[in-house]
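Report on the structure given below.
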Amino acid sequence: MVRSDVVIIGAGIVGLATAYRLLERFPKAVITVLDKEREIAQHQTGHNSGVLHTGIYYKPGTMRAINAREGKLLLEQFCDQHDIPYERCGKVIVATQEAELPQLDKLFERAMANGVRAEKITAERLREIEPYASGVAALHVPEAGIIDYRQVCDKMAEVIREKGNTILTSARVYGMYRDGNHMVVETTRGPVEGKTVINCGGLQSDRLTWLSGQMPPAQIVPFRGEYFELKPSAHKLCRGLIYPVPDPNFPFLGVHLTRMIHGGVECGPNAVLAFSREGYHKTSFNPYDLFETLTYRGFLLLMLRNWDEGLRELWRSLSKKAFVTALQKLVPDIKSDDLIPAPAGVRAQALLPTGELADDFLIQERDLVVNVCNAPSPAATASLKIGDFVVDQIANRLAS
């Protein structure tokens, strides 16, 4: 049996950042990080578009808003310390028609409330910042940036191992039980014991919560984010980040353009229901995952309220022309020939039984287990701050 002070399930950026912050505060702690894959950061983190978020979208006072601001600063300090490249390339949020101006004003108010530096700009100023973008007005958010989150995870893992701790891969968790003052986590590589268990399982977080003996407040429903990339000849069409004004009645941001830290421009995502929790391809299918989704009351209520937009997302998934048309609202010069398919990601969308999105972090602690039940965007940006919050939950146990 592997014995530890803390067992962390999930070697994505939230799990690794939690281990990293824990070791900063408790350098003598013994940590084991578990992941079912052969390598770290293979799911949401590894398929992330690499945006450093500022917190402009989130309701003031929520964990998402607070953690985005403070977490971004912590992450930038981490990158400076370890020579990891990032860039504050800036973002424009573009109103493509007059009807979107009131929502743009609301975003500006949120930016001010959340302490995000943002500026209302005219169509002329927009063209100075993004010469190929088209809109009637926009918000310019100069602090928004780009980064490679896999590179961040690699460095975190390196530091964790250098301090004598273990990251155990190919270790799928299939059971958990209490044994006296410890929890035993059963894995495909043998049992691992810890005084405390932290579930950072992302796409599997609700199932791991059940295994821990707690009831998850929401169920994970997977949505595949489908992307294209611009061909090199079309890279000039986007200098930084070009986003639409989000529809307040729909849970996703809509297709946008993102310059990547290692070069290239990503376009998307289109959001469609994935038929598998790890369904990165249109042909991916897991009958258990799909049955669980289609029989969940929260999903059925969500679809009932958003069926029209859901059909539009599905049509953009099936039709490249429809996808291009959506992009052309932001950048009219984009042509179908400019786009080549890019790898997709899967978003672990936590849905409440009421059909409402769990739109903030959900972290619940009971007995010897902390379950990170929902860590939506900007979880990667805010990962170190989330780690601080989780460590606060277990600090008394480690200090004793």
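- Salt bridge annotation for D289-R207: present, with a cationic side-chain nitrogen under 4.0 angstrom from a carboxylate oxygen.
- By the neighbour-count criterion of 12 heavy atoms within 6.0 Å, atom NZ of K163 is densely surrounded, having more than that number from other residues, nucleotides or ligands.
- Shown here is K282, whose NZ atom has more than 12 heavy atoms of other residues, nucleotides or ligands within 6.0 Å.
- For R64 and D359, the salt-bridge test fails: no basic side-chain N is under 4.0 Å from an acidic carboxylate O.
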- Derivation of the side-chain contact (heavy atoms from CB on, under 4.5 Å) call for N114 and T54: CA-CA 9 Å; N114 289 335; T54 60; over 6 Å; no
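- In this structure, the separation between CG on L351 and CG on L301 is 9.5 Å, given to the nearest 0.5 Å.
- Judged by distance alone, the side chains of E266 and H256 never bring a donor and an acceptor atom under 3.5 Å apart.
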- Step by step, would you call E278 with R224 a salt bridge (Lys or Arg N to Asp or Glu O under 4.0 Å)? CA-CA 9 Å; E278 297 165 11; R224 186 174 57 255; over 6 Å; no
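- Of all the heavy atoms in L16 and A11, the pair that sits closest is CD1-O, 3.6 Å.
- Contact detail for A123 and G135: the closest heavy-atom pair is CB-O, 3.2 Å.
- Nearest heavy-atom pair, L330 versus V255, reported as atom, atom and distance to 0.1 Å: CD1-O, 3.7 Å.
- Annotation: the span from E24 atom CD to D388 atom CG amounts to 8.0 Å, rounded to 0.5 Å.
- Of the inter-residue distances, the one linking H140 atom NE2 with R125 atom CZ reads 6.5 Å to the nearest 0.5 angstrom.
- Within the 4.5 Å cutoff, the side chain of D338 has heavy atoms near those of the L237 side chain.
- Hydrophobic clustering (side-chain heavy atoms under 4.5 Å, transitive across Ile, Leu, Val, Met, Phe, Trp, Tyr) groups L168 together with I9.
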- Item | side-chain contact (heavy atoms from CB on, under 4.5 Å) between F285 and S276, intermediate numbers included | CA-CA 5 Å; F285 178 74; S276 167; 5.9 Å; no
- Go through the steps to decide whether T196 and R397 satisfy the test side-chain hydrogen bond (donor to acceptor under 3.5 Å, both in side chains), and finish with yes or no. CA-CA 8 Å; T196 297; R397 297 177 211 160; 3.1 Å; yes
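- Side-chain contact check for V245 versus L101: every heavy-atom pair is 4.5 Å or farther apart.
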- Query: Run the salt bridge (Lys or Arg N to Asp or Glu O under 4.0 Å) check on D333 and K236 step by step: do they pass?
  - Reply: CA-CA 11 Å; D333 287 350; K236 65 181 181 180; over 6 Å; no
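- Cluster membership for I261 and L241, using ILVMFWY side-chain heavy atoms within less than 4.5 angstrom, is shared.
- Under the 4.5 Å side-chain criterion, counting only non-hydrogen atoms from C-beta, L300 is not in contact with L294.
- Atom CG of D80 is surrounded by more than 12 heavy atoms from other residues, nucleotides or ligands within 6.0 Å.
- Under a 3.5 Å cut-off, the side chain of E130 and the backbone N or O of R239 do form a donor-acceptor pair.
- Residue-environment remark: CE (M303) exceeds the threshold of 12 foreign heavy atoms within 6.0 Å.
- Shortest non-hydrogen contact noted between F26 and A395 is CZ-O, 3.9 Å.
- In this structure, the ring of F361 has its center no less than 6.0 angstrom from the ring center of F389.
- Side-chain contact of H43 with Y280: a donor-acceptor pair under 3.5 Å is present, judged by distance alone.
- Between H182 and M1 the shortest side-chain heavy-atom distance does not fall below 4.5 Å.
- A heavy-atom distance below 4.5 Å is found between the side chains of F291 and T295.
- Under the 6.0 Å distance and 45° angle rule, K91 counts as a cation-pi partner of Y243.
- Between I56 and I93, some side-chain heavy-atom pair lies under the 4.5 Å cut-off.
- Under the 4.0 Å criterion applied to side-chain N and carboxylate O atoms, R305 and E356 are assigned as salt-bridge partners.
- In plain terms, the two heavy atoms of D35 and G12 that are nearest each other are OD2-N, 4.3 Å.
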- Checking side-chain contact (heavy atoms from CB on, under 4.5 Å) for the pair V136/Q97: CA distance, chi angles, key distance, verdict? CA-CA 6 Å; V136 296; Q97 53 186 327; 5.7 Å; no
- K106 vs E109, salt bridge (Lys or Arg N to Asp or Glu O under 4.0 Å): CA-CA, chis, key distance, verdict: CA-CA 5 Å; K106 290 181 181 178; E109 291 171 3; over 6 Å; no
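- Counting heavy atoms from C-beta outward, I31 and I160 have side chains that stay 4.5 Å or more apart.
- Side chains of T381 and Y149: a donor on one and an acceptor on the other come within 3.5 Å.
- For the 3.5 Å distance criterion, the side chains of Q81 and E76 fail to qualify, holding no donor opposite an acceptor.
- Salt bridge annotation for R259-E87: present, with a cationic side-chain nitrogen under 4.0 angstrom from a carboxylate oxygen.
- Y58 and D360 are not linked by any side-chain donor-acceptor pair at a separation below 3.5 angstrom, with hydrogens and angles left out of the test.
- Within 6.0 Å of atom NE2 in H281, 12 or fewer heavy atoms from other residues, nucleotides or ligands are found, so the atom counts as exposed in its surroundings.
- Checked by atom type, the side-chain pair E313/S317 shows no donor-acceptor distance below 3.5 Å.
- A salt bridge links E143 to R117: at least one charged side-chain nitrogen sits closer than 4.0 Å to a carboxylate oxygen.
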- Message: Before you tell me yes or no, could you show the steps for E193 and R3 under salt bridge (Lys or Arg N to Asp or Glu O under 4.0 Å), namely the whole-Å CA-CA distance, both residues' side-chain angles and the distance that decides it to 0.1 Å?
- Response: CA-CA 5 Å; E193 182 185 84; R3 288 180 168 83; 3.5 Å; yes
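- Closest approach of M176 and L208 over heavy atoms only: CE-O, 3.9 Å.
- Of the charged side-chain nitrogens involved, none lies within less than 4.0 Å of a carboxylate oxygen, so that K320 and D337 do not count as a salt-bridged pair.
- The cluster map of Ile, Leu, Val, Met, Phe, Trp and Tyr, joined by side-chain heavy atoms under 4.5 Å apart, puts M63 and L352 in different clusters.
- For the residue pair N371/S212, the side-chain donor-acceptor check at 3.5 Å is satisfied.
- Going from atom CZ of F323 over to atom OG of S336 covers 11.0 Å, rounded to the nearest 0.5 Å.
- Residue V51 is not grouped with residue V92 when hydrophobic side chains (ILVMFWY) are merged at heavy-atom distances under 4.5 angstrom, including chains of intermediate members.
- Defined by atom type and a distance below 3.5 Å, a donor-acceptor pair is missing between the side-chain atoms of R172 and T188.
- In summary, D148 and K155 do not engage in a salt bridge, as defined by a charged side-chain N under 4.0 Å from a carboxylate O.
- Between atom CZ of residue R150 and atom CG of residue N48 there is a gap of 10.0 Å, rounded to the nearest 0.5 Å.
- V369 places a side-chain heavy atom less than 4.5 Å from the side chain of Q214.
- Taken to the nearest 0.5 Å, the CG atom of N165 stands 7.5 Å off from the OG1 atom of T32.
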- Task: Show your working on side-chain contact (heavy atoms from CB on, under 4.5 Å) between V265 and M260 and close with a plain yes or no.
- Result: CA-CA 6 Å; V265 177; M260 295 179 284; 5.8 Å; no
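- Salt-bridge check for E292 with R277: passed, with a basic side-chain N closer than 4.0 Å to an acidic carboxylate O.
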